[in-house]
Amino acid sequence: MAYEHTDIERKWREQWRKRGTYRVERDPARPKYYVLDMFPYPSGAGLHVGHPLGYIASDIVARHMRHRGFNVLHPMGYDSFGLPAEQYAIQTGQHPAKTTEENAARYRQQLDAIGFSFDWDREVRTSDPAFYKWTQWIFLQLFNSWYDPRADKARPIAELVARFERQGCQGQDADVLTGDTEEFIGPFTADEWKGFDERTRQMVLQHFRLAYLSDAWVNWCPALGTVLANDEVKDGVSERGGHPVERKRMPQWSLRITAYAQRLLDGLDGLDWSESIKEAQRNWIGRSEGATVRFPLGDDFIEVFTTRPDTLFGVSFLTLAPEHVLVPKFTTPDRRAEVEAYVATAKNRSERERQAEVDKVSGVFTGSYAKHPFTGADIPVWVGDYVLGGYGTGAVMAVPGGDQRDWRFAKHFGLPIIAVTEGADIDKEADERKDATICSEGFLKGLKVPQAITRAIEELERIGAGTGKVNFRLRDAAFGRQRYWGEPIPIYYKDDIPYPLPESALPLVLPEVDKFLPTESGEPPLARAKNWAYEGHPLETTTMPGWAGSSWYFLRYMDPHNAERFVAKEAIDHWGQVDLYIGGSEHATGHLLYFRFWTKFLHDLGLVPFDEPVKKLVNQGMVQGMSMMANVLASSRNGEEHYRLLALNNKVEGAFERNYPVDHVTFRDGRYWINEEGANRTRSISAFRDYYLDAPVIELKPVVEKMSKSKFNVVNPDDIIAKYGADTLRLYEMFLGPLEQSKPWDTHGIEGTFRFLRKFWNLFHAGAGPDQSVPSTHESAVASAKAGGGDPIHVSDDAATKAELKVLHATLKKVTEDIPKMSFNTCVSQFMIAVNELHTLKCNKRAVLEPLTIALSPFAPHIAEELWEKLGHREGIADAPWPTWEAEHLVEDSFSYPISFNGKTRLQLALPIGLSKDEVEAQVLADPEVLARLDGKAPKKVIVVPRRIVNIVV
RNA sequence: GCCCGGGUGGUGAAAUGGUAGACACGAGGGACUUAAAAUCCCUUGGCCCGCGAGGGCCGUGUGGGUUCAAGUCCCACCCCGGGCACCA
């Protein structure tokens, strides 16, 4: 009978659900394995064929490990808070919860159709109060913790308070872990602490809490009533709507991830992650060693960070960032107007812009002079937007002789350029070499750069003008969003001082609001809620960002229904770290860094026994779409002829004989783009051409680009499954190429994997019925399936031949070795080879087909399960032990040696396996053809690699 | 500019330093069929010689090198993709 994938797959989807095949319980008797996919956001667009790529790979590993006797955790859920649902809500008034519910249902339907072995009983959603109760709870732990530099870990804030009461804040404690914009808090004594009022105490503690409220620079858009991310701002206006955006200091919740910078950096070394992701994280954390230097100015000072204290004698001016807090103080009255004007424009430019426009030098003199700590010379203080407020101290000591940006600034404003290194041509450019010798006058003269750095730091520390310091590029993470659809932050305000909600008040459930927009006065949407208060005190109105829930969700899967704890200790102890995490590389520095940060924090509190969430990380490549571009010759109104590009997402042949939906035509990037899917109205291509282009087609060519709805090149897995089945889809996605690589999707290639499954099926059914050569109709297949799956298969219980066993074991070996290497494409190829060979051998032996079915089941679970049942098994295939390969079946009697002359293969010679090197050489040199080629000459050298090659050098 | 990937047939690709192009698509030819679909068989990197059996030369982005032997290792460069960047 024919391979009726639709019926088989429907049958097993139901059976697996009924039987609870993929439900998983903790089993201490077995070793555990945790396979996780990156948390998806259930978007309204549904899945395209690129999305399941990683899920299929992880499913294969999960199923494989289960066959190997592991207790496998393989869950799925939704990162269901997020912007798209909120935007949709703003536009339509539909509650985001409803949109989210619908989208999740659609996702589920699509995921189910692919036959994943997810344990859906463990599904979690970040927008579910039962889940975000614990996200809020972790936030409270962060709020109630500080980072103790002595222990190098987070500790309860109560310990810090006790410490202040005992000995105040001195030394190391006073070296507070400030966020990027906090003002410096000086040391204080225990008595001073006791004398502080509540407001001051809370303010001081904000400087230590790991979740803290502080004033931070944000891109504020008054028209939208919201804060925008850097990439939502272009040319000083919002990308959406073009409203003006200003840089503004606003109270913002932040997480002190900077406290973990060094540990986040160090932890990377032990991880089995791709080097590119680890590098991206290292760059993002951006550790640099150097020194802070204080330049006195009146009763105050300017502190800078530099990696080159050896160039101190080359300092000719200081530059402050426009947003630096001391700018107003150091501006002299005669300069005030000019400085204020400059600051007003400069600080409103986004950081992106300031960084992008390298050649535009701008700045202004404040009128003040600071004292050089070594020479006592007067150093003019400037303001320049090439200095960023958020990095280092927001001020630089400018060394035009040693730093190209300082050099450009000095050239532009005619400031002195002092040579700091020997051999520098400072008229042309700064000398940034790190192997130079210092030439500037002073005690560093003649030293090499590294020695000079050490010496300069010693001197700075000796005279109390500075200290050696490690600086990080990493900044604290903004944690508040002026949005509705996120976790409410469990904070209330009493006399404007933030206090945490008690644990008993969690979850703080997202309130109903009349509109999902900011209030008229610019408050976030939550300010619209009635009675948004705790015991009469107003509640925080910002919500958490998208990455909050995803920073710890992997723990919740271990114990998803626990109402008492975020996860039970026994569950964490059993499941431990994620053994394999699969997802896109776009999360390199966002999610994956926060994920590690939260895990380390929870580890510090003794809540989890490990401090890295993921042992092995694999990034799947992108599946790209294929767009067809047509070059057409078009005439414009003024009569000029020029080429236009027209894109189609279909094959070239006959493209212009079909009808195209006009509403799927867009003009973008100077091109027309058409899509032929989903038409309401259609217009023939000739009419289309007349209407739009009036032009003949000149050329058609395919273009590979991102698969996306906006490019009309999306391929929906549902369509593929309807035609070929989920097993074919799974195999084909894996067959496309290495998992990590990006590759274009071409539906045409799928025929090969479909044919393979049919051939595999036919191995069991050849000669099984009178009509085997004639495929049965769809109706008859349904009927026989209803009869109880008792369709005849035709397998023999005879012993397998040597040749058959060789095919089987070669395949088992390849697949067993390649799955752990994530090399799934080669597995599929091997299955194809096996089936082709068994077909040639006319093999229908149970002894061969049964183990092969188990090996195939992680890749194509439906067909495997169906055949498994037909082979007479009552238990499902999921727990069938993985068949092991045996080397004895792979030994050959002879090996066909490629005989090469000077490295070029010229002939083949079959020789028995057991021969020694010398015997091989003797036999080869006795061969008539070899002799003929040697033409009487003696070979210079003969290389014999047993079972590999013979190379004759002449 | 810096840091990661990657360049192999018409296409997706394979290849512990050891027969480059497995496997699959597409294409061409053939069988079966009234026909189509499905299935099966053969050919398929390029060029050249030969009626044929067969044989030769070239070939893994480019140029060098190491080696008996290089897609694979080393050096220099070019191109494509991704990330980061006035980071002091």
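To find a chain, count down the sequence lines: A is the first, B the second, and so on, and within it residues start at 1.
Atom CD of A/Gln624 and atom C1' of B/G6 are 12 Å apart (whole Å). Rounded to whole angstrom, the span from the NE2 atom of A/His324 across to the P atom of B/A88 amounts to 17 Å. Straight-line distance from the CG atom of A/Leu731 to the P atom of B/C23: 17 Å, rounded to whole Å. Going from atom CD of A/Glu751 over to atom C1' of B/G12 covers 15 Å, rounded to whole Å. The distance from atom CZ of A/Arg282 to atom P of B/C87 is 21 Å, rounded to the nearest whole Å. The nearest whole Å value for the distance from the NZ atom in A/Lys743 to the C1' atom in B/C25 is 16 Å. For the pair A/Gln830 CD and B/A24 C1', the computed distance is 14 Å after rounding to whole Å.
Contacts of A/Thr905 with the nucleic acid, taken as non-hydrogen atoms under 4.0 Å apart, involve only primed sugar atoms and P, OP1 or OP2. Note on A/Glu740: nothing from the nucleic acid sits closer than 4.0 angstrom, heavy atoms only. Using a 4.0 Å heavy-atom criterion, one finds that A/Asn825 contacts the sugar-phosphate atoms exclusively. Among the atoms of the strands shown, only primed sugar atoms or phosphate atoms (P, OP1, OP2) are found under 4.0 Å from some heavy atom of A/Val953. Counting non-hydrogen atoms under 4.0 angstrom, A/Lys278 reaches nothing in the nucleic acid. Using a 4.0 Å heavy-atom criterion, one finds that A/Lys814 contacts no nucleic acid atom at all. At a threshold of 4.0 angstrom between heavy atoms, the contacts of A/Asp406 with the nucleic acid are absent. When heavy atoms are screened at a 4.0 angstrom cut-off, A/Ile943 is found touching base atoms of the nucleic acid. Here A/Asp746 lies out of heavy-atom contact (under 4.0 Å) with every strand.
In summary, the aromatic rings of A/Phe831 and A/Phe760 are positioned with their centroids too far apart to meet the 6.0 Å limit.
Scanning all heavy atoms of the two residues, the minimum distance from A/Lys434 to A/Pro450 falls at O-CD, 4.0 Å.
For A/Lys904 and B/C58, the shortest distance from a side-chain N or O to OP1 or OP2 is below 4.0 Å. Between A/Arg755 and the phosphate of B/C25, there is a side-chain N or O to OP1/OP2 separation shorter than 4.0 Å. A close approach under 4.0 Å does occur between a side-chain nitrogen or oxygen of A/Arg906 and OP1 or OP2 of B/C57. Between A/Asn283 and B/C87 there is no side-chain polar atom (N or O) within less than 4.0 angstrom of OP1 or OP2. The phosphate of B/G83 (OP1 or OP2) has no side-chain N or O of A/Gln281 nearer than 4.0 angstrom.
Side chain of A/Phe735, nearest nucleotide from B/C23, B/U19, B/A88: B/C23. Closest to the A/Asn836 side chain, of the nucleotides B/C87, B/A24, B/G18, is B/A24. For A/Arg473, taking side-chain heavy atoms from C-beta onward, the closest of the listed nucleotides B/A88, B/C23, B/C84 is B/C84. The side chain of A/Lys941 lies closest to B/C68 when the candidates are B/G12, B/C87, B/C68. Distances from the side chain of A/Met832 to the nucleotides B/C23, B/A88, B/G12 place B/C23 closest. In this structure, the nucleotide among B/C25, B/C84, B/A14 sitting nearest to the side chain of A/Trp284 is B/C84.
Under the Watson-Crick and G-U wobble criteria, each requiring two contacts below 3.5 Å, nucleotide B/C87 is left unpaired. The partner of B/C25 is B/G10, by the rule that a Watson-Crick or G-U pair needs both atom distances under 3.5 Å. Searching all strands for a Watson-Crick or G-U wobble partner of B/G81 with both distances below 3.5 Å returns B/C4. Across all strands shown, B/U60 forms no Watson-Crick or G-U wobble pair with both distances under 3.5 Å. B/G52: no Watson-Crick or G-U partner with both key distances under 3.5 Å is found in any strand. Base pairing analysis places B/C32 opposite nothing; no Watson-Crick or G-U wobble pair with both distances below 3.5 Å involves it.
A cation-pi contact, defined as under 6.0 Å to the ring centre and within 45° of the axis, links A/Lys813 to A/Trp885. In this structure, A/Arg294 is positioned above the aromatic face of A/Phe301, its NZ or CZ under 6.0 Å from the six-membered ring centre and within 45° of the axis.
Under 4.0 Å is where a charged nitrogen must lie from a carboxylate oxygen, and between A/Glu751 and A/Arg758 no such pair does. Salt-bridge check for A/Glu892 with A/Lys806: passed, with a basic side-chain N closer than 4.0 Å to an acidic carboxylate O.
Relative orientation of the A/His591 and A/His587 rings is perpendicular, given thresholds of 30° and 60° on the angle between their planes.
A donor-acceptor pair under 3.5 Å links the side-chain atoms of A/Lys743 to the main chain of A/Pro738, judged by distance alone.
When A/Phe754, A/Phe756, A/Tyr3 are each tested for a ring pair (Phe, Tyr, Trp, His ring centres under 6.0 Å) with A/Trp761, only one passes: A/Tyr3.
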Tell me, for nucleotides 42-49 of chain B in 5' to 3' order, what letter each nucleotide earns: B for a base near a protein heavy atom under 4.0 Å, S for only sugar-phosphate near one, - for neither? --------

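Sequence order on RNA chain B of the closest nucleotides to A/Thr840 and A/Arg933 puts A/Thr840 first from the 5' end. Mapping A/Arg758 and A/Thr393 onto RNA chain B via the closest heavy atom, the residue that lands nearer the 5' end is A/Arg758.
Under the 3.5 Å distance criterion, with hydrogens and angles disregarded, a donor-acceptor pair is assigned to the side chains of A/Asp476 and A/Thr258.
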